Amino acid sequence: MVTTHISETDAEIEKVKEGAPKVDHNITIAGLMITDADTAIEKLEREKEGILKGLYVFRKRIPTGEVCIANGVEFPNAEAVDLLLYLLVHLEKNGWKRKIEFGSIREVIGEVFNATSGGKFWADKLRRLLVIWRNHTYYFPRSFVWNGEVIEAYFGVIDDWKIRTQGRGKPAKVEITFNEDFLKICKDTTWYRRPLWIEVRKLRKEIAKRLYMLALEFKPKESSTSWQIFLDSDLKYWYRNALNSLANPKYLRPSTIIKRLESAIEEINHQTNLRMELYQTKEGNYAISVEEVAPPGSEKIEIPFDKLSDEDKAILIAYLESVAEEKKIKNIWGFLRSMTSRQVKNWLKKAKRYFESEIKSDKETELIEKPRLLEILRDWGRKKLEGKEILYRTYFGEDKILKAYENNKKVVFKCVDKIVADLLKKYSEELKEVFKKEVIFEEI
């Protein structure tokens, strides 16, 4: 780390906690760029003057001033961040020793890229990402605070790397040496903020990765299972700073930001152990609720929707099918399974109110086809006839019940013929408790 010690002022020291390292949140992944890392160079110009002359620089505000994230090649993309987080896992296992070694290049390629072969394409990709990290640096102009001391600092991530070919038929070894001061920062930071590589690697969108990491920074304490992320009222400022976006402010509109966030949240909800919901506060600002539904790295994550009774599932599905167009819900099943416990509770409450008002109406509404009701019926039938597979297929098979319709008074299932319809009528009363309406089986 190249440092020039600056005389401290009371104002500067008041901004940080005495004795605790304070850097740009998660300095290890501060270079992650949102949605357009590969084309970032097209939006930046090389510095024309000053000590960073010749480098591409992204300036970012931090509590103590500013950090300049610089690169002479290109900024890290999603795959580069996957690689770095993977390497950090091994660094920690090895007591944060500067040099990390792998027995074969195939091992790194398989773990980081999930590649089944160690061909030239993947080997070259690994080399390129190592070059990017070797040229990735951080400059803190009078803004790096360490142990209560304000420092001007410039340091990188990787000092050097080598791939040692051992001869025909033998695996090529990989050696990577990290910057010593960079490792000190990694070692001495409060690491509940550092996300597990096993969770981050599940995400492909860069904005989703950064939002997942940001969520952990907002987590109040280790034992917390739910918390909030509050967005700045200036969405452009928040998006470019909290998420390290290089998006051109000229074309960055609030509606664009919200659309990107919704897409990222959908991916996080589907792929990781967190469930998020974007909403507006009473003051009109945006916030994101976060719920941890399983420990990081869990093989199987419990889905709040799956815990509902068959009756509540039926009500919620029917309601969402009724309002999907209005609420712009394109994938109902995906939406249901991505809900947090809080969302499930709120939407179920709306659904029950909706159908209570519909049922009270004297006028019978038009029957609307709702395929999702078939899934509810078959799930119920599977439990009812557990262990009786032949009987289940006779009554509830896909070739027996073909369509489902619903209005405010009744649910109608269309069967392949009158025989099947008559057989199923004996379940109508029981199913009335599930669907909270009259249930009718008839020939199609």
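Since this is a predicted model, take the numbers as computed values, not measurements.
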Sidechain-backbone polar pair: [X] side chain, [Y] backbone, donor-acceptor under 3.5 Å:
| X | Y | result |
| --- | --- | --- |
| T272 | L274 | yes |
| R46 | V57 | no |
| K370 | V411 | no |
| S322 | A318 | yes |

For a quick test of reading the model, state the closest non-hydrogen atom pair linking [X] to [Y] and the distance between them.
| X | Y | result |
| --- | --- | --- |
| I268 | A208 | CD1-O, 3.4 Å |
| L203 | Q271 | CD2-CB, 4.0 Å |
| R59 | C68 | NH1-SG, 3.1 Å |
| Y237 | R61 | OH-CB, 3.7 Å |
| G156 | F182 | O-CB, 3.4 Å |
| N71 | I132 | ND2-O, 3.3 Å |

So, are [X] and [Y] salt-bridged, with charged N and O less than 4.0 Å apart?
| X | Y | answer |
| --- | --- | --- |
| K173 | E101 | no |
| R275 | E291 | no |
| K219 | E292 | yes |
| E406 | K410 | no |
| K97 | E92 | no |
| D312 | K307 | no |
| D159 | R98 | yes |
| E375 | R372 | yes |
| K384 | E430 | yes |
| K209 | D82 | yes |

### Query
What residues, two or more places apart in sequence or in another chain, satisfy salt bridge (Lys or Arg N to Asp or Glu O under 4.0 Å) together with D234?
none
### Query
Listed by chain and number, what are the salt bridge (Lys or Arg N to Asp or Glu O under 4.0 Å) partners of K205, not counting sequence neighbours?
E267
Crowded around [X] [atom1]? As in, over 12 foreign heavy atoms under 6.0 Å?
| X | atom1 | value |
| --- | --- | --- |
| R253 | CZ | no |
| E389 | CD | yes |
| Q280 | CD | yes |

### Task
Please step through side-chain contact (heavy atoms from CB on, under 4.5 Å) for the pair N285 and D232, ending with a clear verdict.
CA-CA 7 Å; N285 294 330; D232 194 282; over 6 Å; no
Taking the six-membered ring for Trp, are [X] and [Y] parallel (under 30°), tilted (30 to 60°) or perpendicular (over 60°)?
| X | Y | answer |
| --- | --- | --- |
| Y392 | F396 | parallel |
| Y319 | W347 | tilted |
| F140 | F155 | parallel |

Can you tell me how far [atom2] of [Y] sits from [atom1] of [X], rounded to the nearest 0.5 angstrom?
| X | Y | atom1 | atom2 | value |
| --- | --- | --- | --- | --- |
| E79 | L126 | CD | CG | 11.0 Å |
| I207 | S245 | CD1 | OG | 7.5 Å |
| N179 | K184 | CG | NZ | 9.5 Å |
| L278 | I265 | CG | CD1 | 5.0 Å |
| N135 | L55 | CG | CG | 8.5 Å |
| T137 | I69 | OG1 | CD1 | 10.0 Å |

### Query
So L252 and Y239, side-chain contact (heavy atoms from CB on, under 4.5 Å) or not? Walk me through it.
CA-CA 9 Å; L252 195 59; Y239 188 74; 3.6 Å; yes
### Message
Evaluate R393 against D399 for salt bridge (charged side-chain N to carboxylate O under 4.0 Å, His left out), listing each step before the verdict.
### Response
CA-CA 9 Å; R393 289 201 299 268; D399 60 336; over 6 Å; no
#### Entry: Criterion ring pair (Phe, Tyr, Trp, His ring centres under 6.0 Å) on W380 and Y427, from CA distance to verdict
CA-CA 11 Å; W380 181 88; Y427 295 124; 5.5 Å; yes
Taking the side chain as C-beta and beyond, is there a heavy-atom pair between [X] and [Y] under 4.5 Å?
| X | Y | result |
| --- | --- | --- |
| L87 | F102 | yes |
| L235 | I258 | yes |
| R128 | V131 | yes |
| Y286 | Y279 | no |
| L385 | R382 | no |
| V290 | L216 | no |
| L129 | N77 | yes |
| I151 | R142 | no |

### Query
Taking the six-membered ring for Trp, are the ring centroids of W227 and F218 within less than 6.0 Å of each other?
no
### Query
Quick check, are the ring centers of F178 and W96 under 6.0 angstrom apart?
no
### Task
Check step by step if side-chain hydrogen bond (donor to acceptor under 3.5 Å, both in side chains) holds for T177 and K162.
CA-CA 9 Å; T177 304; K162 300 181 183 70; 5.4 Å; no
#### Entry: Pair S309, E311: side-chain N/O donor-acceptor within cut-off below 3.5 Å
no
### Task
Flag this pair as yes if the NZ/CZ of K313 is under 6.0 angstrom from the six-membered ring centre of F305 and inside a 45 degree cone about the axis; otherwise no.
yes
### Query
Which is it for F413 and L402 under the side-chain contact (heavy atoms from CB on, under 4.5 Å) test, yes or no, and what are the steps along the way?
CA-CA 8 Å; F413 292 103; L402 307 178; over 6 Å; no
### Task
Determine, step by step, whether N273 and Y212 satisfy the side-chain hydrogen bond (donor to acceptor under 3.5 Å, both in side chains) criterion, reporting the C-alpha distance in whole Å, the side-chain angles of both residues, the deciding distance to 0.1 Å, and the verdict.
CA-CA 10 Å; N273 65 321; Y212 182 94; 2.8 Å; yes
### Task
Please test Y139 against E152 for side-chain hydrogen bond (donor to acceptor under 3.5 Å, both in side chains), starting from the C-alpha separation and ending with a verdict.
CA-CA 8 Å; Y139 172 56; E152 179 180 353; 2.6 Å; yes
### Message
One pair to check against side-chain contact (heavy atoms from CB on, under 4.5 Å): N269 and M276. What are the steps and the verdict?
### Response
CA-CA 6 Å; N269 289 347; M276 297 185 183; 3.9 Å; yes
